[in-house]
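Have a look at the structure below before the remarks.
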Amino acid sequence: MNSIFEKIEGQICKVVKDAFTACENKGILPKIQIEDILVEVPRERGFGDFSTNIAMQVSKQAKMPPRKTAELLVSEFNFSGTYIERTEVAGPGFLNFYLRKDWLYDSLHIIQEKQDRYGEVELGKGIKVNVEFVSANPTGPLHMGNARGGALGDCLASVLKKAGYDVTREFYINDAGNQIEKFGISLEARYLQIIHGEDKVEFPEDGYQGEDIKDHARAYFKENGDILVEKSAEERRKILVDYALPLNIKKIREILEAYGVSYDVWFSEKSLHESGAVKKAIDFLIENGYTVTKDDAVWLNGEKLGLEKDEVLVRNNGIPTYMAADIAYHYNKFITRGFDWAINLWGADHHGHVARMKASMEPFGINGDRLEVVLFQLVRLYRNGELARMSKRTGKAISLEDLLEEVGKDAARFFFNLKTSGSHLDFDLDLAVKQSNDNPVFYVQYAHARICSLLRKLKEEGIEPKSIDSVDLTLLQEKEEIELIRKLSEYPEEVVQSAKTLEPSRLTRYVMDIAANFHSFYNACRVKGEDEELMMARIILVDCTRIVIKNILELIKIEAPEKM
RNA sequence: GUGCCAGUAGCUCAGCAGGAUAGAGCAACGGACUUCUAAUCCGUCGGUCGGGUGUUCGAAUCAUCUCUGGCACGCCA
C-alpha cells in the first residue's frame with residue numbers, strides 16, 4: 001500500500017456499496033446503478049475527514065430527496081474493519097465520514113517505510129511515454145519560452161515517472177529545413193560583411209539578426225580567413241552551417257544541463273530526411289489517397305481527415321515541409337520505437353498545429369489521442385514595469401542563459417512551475433533579479449533547512465531517532481501536528497492528480513503547503529526538551545516532513561539545503 | 001472574419017469529472033524571538049468569480065450570447 005488515501009477510498013466505497021445493496025434487499029431503495037463513488041477531502045474540517053456526494057448523485061434514481069437517501073444508507077452502514085468511526089448526513093445530502101486517528105499514524109508508517117520512494121504510484125503501470133519538450137531551433141539562443149517549456153516538460157516527465165510510467169525525455173533537433181537555410185544565408189551575409197564591409201553586403205530582410213550570428217561568422221573568419229569567398233554560395237552556406245550548428249546544439253545542451261534538464265534522446269530531424277523516413281511517410285499518404293496535388297505541390301487532404309483546410313506536405317520545389325517531417329517523426333515515435341503515448345510541450349502559438357498532427361496519425365492506424373499536446377502560454381517579460389518584447393531577431397531578448405546567471409536554476413525552475421501551463425506568465429525581470437525574500441523557493445528550502453538543523457542539533461546532544469515501531473505516535477494530538485500529518489498523507493494522491501492533469505505545478509504548490517504546515521507546527525510545538533515519548537513521536541513527524549519535502553524538491557530538481 | 005487560450009480579493013494566481021460559508025501568497029494594518037534557524041508564526045482587512053441568459057434541487061465550474069486581453073489562421077516552424 002503506497003497511499004493511505006487509496007485505502008480509505010476503498011473502505012468508504014465498500015461501506016457505501018454494501019449499504020446500497022442492503023437497502024435494495026430490504027426494498028427501501030430501488031435498484032440503483034452506481035457509477036464511480038467520488039470520495040473527497042472536504043474543504044472544511046467541520047465536515048469530517050472525507051466525504052462523498054453519492055446520495056445527491058443518485059437522487060433521481062432513488063426517487064427521493066438526497067438527504068433521505070443518505071439517511072437510509074447510514075442506517076445500513078457497517079464500519080467493521082475500517083478506519084471509519086462515525087458518519088453524518090450534512091448539507092444538501094453529503095455523507096461525511098469521521099475517522100479514527102490511526103489512519104494518520106499509519107500514513108507516517110508508510111512514509112518511514114517508503115522513504116524516498118514515498119509518493120510512487122502505479123497509475124502508469126509501465127506504459128511507455130515519450131515527453132518531448134523545448135526542441136528549440138538551433139539557430140539561436142534559448143529564450144524564455146524555451147525556459148518555461150523546459151521547466152514544465154522536465155517536471156512533467158518526473159511526475160509521470162513517479163506515477164509509474166516508463167518515461168523518455170526527448171529533444172527534437174530541427175537541423176533541417178527552411179530555418180537552416182535562413183541560418184546559412186544569415187551566416188553567409190555576416191561572413192561576407194566582415195570581408196567586404198557591412199555596407200557592401202546586404203543583410204537579408206528575414207535573416208537572423210542576432211549577435212550570435214555575427215559571433216559565429218567572426219569566429220569562423222578568425223580560424224579560416226576568407227577561404228569561402230571563392231566557393232559557390234551553396235557550398236559556402238553549407239560549410240558555415242556545418243561549423244556553427246554543432247556549436248549551437250552543444251551550447252543548448254550545456255545550458256539545459258545547467259538548468260537541470262537532461263535528455264534521454266536527442267533526435268535529429270535531418271536523420272529522418274536522410275534515412276528516407278520522410279519520403280516513406282509522404283508516399284504512404286499519397287498511395288492511400290490522403291493527399292491532393294495542387295499548383296505542383298502535394299497537400300494533405302484536409303477534408304478527408306476532418307481538418308479545416310489542406311496543408312502543404314511537399315512544396316512545388318520538391319522540398320518537404322516541416323509538417324511532412326513531423327508526421328514521419330511521430331510515426332517513428334509510435335511505430336518504429338513503440339511508444340504508447342507521446343506528449344509534446346508546445347508554446348501556445350503552435351496550437352493550430354495540434355489538430356492536424358493528431359489527424360495525420362490516423363492514416364497510419366495510430367489513434368490521434370495517443371498524441372497529447374500540452375500548450376503553455378508564452379512568457380511575457382516585464383522590465384521597469386513595462387512589457388519587454390522578446391525576439392530572437394532583435395538580439396536584445398533575455399536568454400535562458402542570462403536568466404540562469406541572474407536568478408539561478410532553483411528560482412527559475414520554481415517560478416516556471418508555480419502556475420498552470422495554460423495561464424499567462426508575467427515574468428518580472430526586476431523582481432526575479434532582485435532575488436528577494438518573497439521568492440517562494442526560499443520559503444520551502446528554509447523549511448527543509450530548519451528540519452535538518454533541528455535533527456542535527458538533536459544528534460549533537462546524543463538524541464537519536466527511534467524506530468517508528470517503538471514510538472507512541474498517538475501522542476501527536478495538537479492541531480498543528482494533525483494538520484501536518486494530514487498534508488503529508490496526501491502526497492501520493494497529489495502525484496496522481498498531477499499526472500492525470502499533466503500539471504506538475506500542482507506539486508510545487510503542494511510542497512509550499514507542506515512548508516506552511518511545518519512552519520506552523522514548528523512555531524506551535526517544541527521537539528527538543530519535551531518529554532522523551534513526545535519528543536520521539538515529534539522527531540518521527542519532523543523526519544517524515546523532511547522526507548516528503550526532499551522528495552518533491554528532488555523531483556522538480558531544486559536544491560534541498562541542509563543549512564541556510 | 002474564423003478558431004484556440006485566458007478573465008476569480010489592490011497585485012500574482014489556486015479552485016472548474018456542478019455541490020456545503022469561493023481559497024492561498026504578496027501588499028496593507030496589528031501582534032509574537034531569555035528556549036530546536038523570526039528567510040518564521042498568529043490575527044485583521046479585502047470578492048457583483050468580466051457581463052447577460054439558460055440547464056437543475058444546486059453554477060466560479062456546464063451550454064449559449066456578449067465584452068476585454070493574448071495567440072493562431074503562410075508552399076514559416
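Keep in mind that this is a model prediction, so the values were computed, not measured. Quick note on labels: first sequence line is chain A, next is B, and so on, each numbered from 1.
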Tell whether A:His353 reaches the base of B:A77 with its side chain through a donor-acceptor pair below 3.5 angstrom.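 For A:His353, whose side chain was compared with the base of B:A77, there is no donor-acceptor pair (under 3.5 Å).
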
RNA chain B contacts among residues 301-315 of chain A, heavy-atom distance under 4.0 Å: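 Hits under 4.0 Å, by residue number: A:Lys309, A:Val312, A:Arg315.
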
Specify the residues of residues 52-62 of chain A, ordered by number, for which at least one heavy atom lies under 4.0 angstrom from an atom of RNA chain B.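 Heavy-atom cutoff 4.0 Å gives A:Asn53, A:Met56.
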
Lys NZ or Arg CZ of A:Arg148 over A:Phe376 ring: under 6.0 Å, within 45°: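 No, a cation-pi geometry is absent between A:Arg148 and A:Phe376.
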
Do A:Arg450 and A:Tyr522 meet the cation-pi criteria used here (NZ or CZ under 6.0 Å from the six-membered ring centre, within 45° of the axis)?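 Pair A:Arg450/A:Tyr522 counts as cation-pi.
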
How is [X] classified with respect to the nucleic acid when contacts are heavy atoms under 4.0 Å: base, sugar-phosphate, or nothing?
{"X": "A:Ala449", "value": "base"}
{"X": "A:Asn316", "value": "base"}
{"X": "A:Thr420", "value": "sugar-phosphate"}
{"X": "A:Asp513", "value": "nothing"}
{"X": "A:Asn96", "value": "base"}
{"X": "A:Cys452", "value": "nothing"}
{"X": "A:Arg506", "value": "nothing"}
{"X": "A:Arg356", "value": "base"}
{"X": "A:Arg526", "value": "base"}
{"X": "A:Leu38", "value": "base"}
{"X": "A:His519", "value": "sugar-phosphate"}

The side chain of [X] lies closest to which of these nucleotides: [options]?
{"X": "A:Ser51", "options": "B:A20, B:C36, B:C76", "value": "B:A20"}
{"X": "A:Trp299", "options": "B:C75, B:G23, B:A77", "value": "B:C75"}
{"X": "A:Lys419", "options": "B:C13, B:C36, B:G19", "value": "B:C13"}
{"X": "A:His424", "options": "B:C5, B:C4, B:U40", "value": "B:C5"}
{"X": "A:Tyr322", "options": "B:C42, B:A77, B:A38", "value": "B:A77"}
{"X": "A:Asp349", "options": "B:A77, B:A72, B:A6", "value": "B:A72"}
{"X": "A:Phe442", "options": "B:A39, B:A38, B:C4", "value": "B:A39"}
{"X": "A:Ser423", "options": "B:C13, B:G19, B:C36", "value": "B:C13"}

Integer-rounded Å distance: [N] [atom2] and [X] [atom1]:
{"X": "A:Leu418", "N": "B:A14", "atom1": "CG", "atom2": "P", "result": "9 Å"}
{"X": "A:Glu480", "N": "B:C42", "atom1": "CD", "atom2": "P", "result": "8 Å"}
{"X": "A:Phe47", "N": "B:U21", "atom1": "CZ", "atom2": "P", "result": "7 Å"}
{"X": "A:Gln377", "N": "B:C13", "atom1": "CD", "atom2": "P", "result": "11 Å"}
{"X": "A:His448", "N": "B:A39", "atom1": "NE2", "atom2": "C1'", "result": "16 Å"}
{"X": "A:Glu503", "N": "B:A14", "atom1": "CD", "atom2": "C1'", "result": "11 Å"}
{"X": "A:Tyr208", "N": "B:C76", "atom1": "OH", "atom2": "P", "result": "12 Å"}
{"X": "A:Glu44", "N": "B:A22", "atom1": "CD", "atom2": "C1'", "result": "11 Å"}

Give a yes/no verdict on base stacking between B:A20 and A:Phe94: centres under 5.5 Å, planes within less than 30° of parallel.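 Yes, the aromatic ring of A:Phe94 stacks with the base.
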
For [N], does either OP1 or OP2 sit under 4.0 Å from a side-chain N or O belonging to [X]?
{"X": "A:Arg450", "N": "B:A38", "result": "yes"}
{"X": "A:Thr321", "N": "B:C76", "result": "no"}
{"X": "A:Asn174", "N": "B:A77", "result": "no"}

What is the pairing partner of B:G43, taking Watson-Crick or G-U wobble pairs with both distances under 3.5 Å in any strand?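 B:G43 is paired with B:C29.
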
Distance-only donor-acceptor pairs under 3.5 Å for side chains of residues 171-178 of chain A, two or more places apart:
unit_1   : atom_1 : unit_2   : atom_2 : d
A:Asn174 : ND2    : A:Glu269 : OE1    : 3.4
A:Asp175 : OD1    : A:Ser268 : OG     : 3.4
A:Asp175 : OD1    : A:Glu269 : N      : 3.1
A:Asp175 : OD1    : A:Lys270 : N      : 2.7
A:Asp175 : OD2    : A:Ser268 : OG     : 2.7

Can you name the residues that form a ring pair (Phe, Tyr, Trp, His ring centres under 6.0 Å) with A:His273, not counting sequence neighbours?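 Partners of A:His273 under the ring pair (Phe, Tyr, Trp, His ring centres under 6.0 Å) test: none.
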
Who passes ring pair (Phe, Tyr, Trp, His ring centres under 6.0 Å) against A:Trp299, sequence neighbours left out?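 Residues passing ring pair (Phe, Tyr, Trp, His ring centres under 6.0 Å) with A:Trp299: none at all.
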
Check: A:Phe5 ring centroid to A:Phe50 ring centroid under 6.0 Å: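 Yes: the rings meet the under 6.0 Å criterion.
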
Rounded [atom1] spacing from [N] to [M] in Å:
{"N": "B:G50", "M": "B:G74", "atom1": "P", "answer": "33 Å"}
{"N": "B:A32", "M": "B:G70", "atom1": "C1'", "answer": "45 Å"}
{"N": "B:C33", "M": "B:U44", "atom1": "C1'", "answer": "22 Å"}

Could you classify B:C57 for me, syn or anti, using a glycosidic angle within 90° of 0 as syn?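 Anti, since the glycosidic angle lies more than 90° from 0.
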
In B:A63, glycosidic geometry as syn within 90° of 0 or anti otherwise: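 Anti conformation for B:A63.
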
Dump the intermediate steps for side-chain contact (heavy atoms from CB on, under 4.5 Å) on A:Val121 and A:Glu493, then the final yes or no. CA-CA 9 Å; A:Val121 293; A:Glu493 182 61 16; over 6 Å; no

For A:His424, all residues meeting side chain to side chain contact (heavy atoms under 4.5 Å, CB included), sequence neighbours excluded: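 With neighbours one apart ignored, the set is A:Gln377, A:Arg380.
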
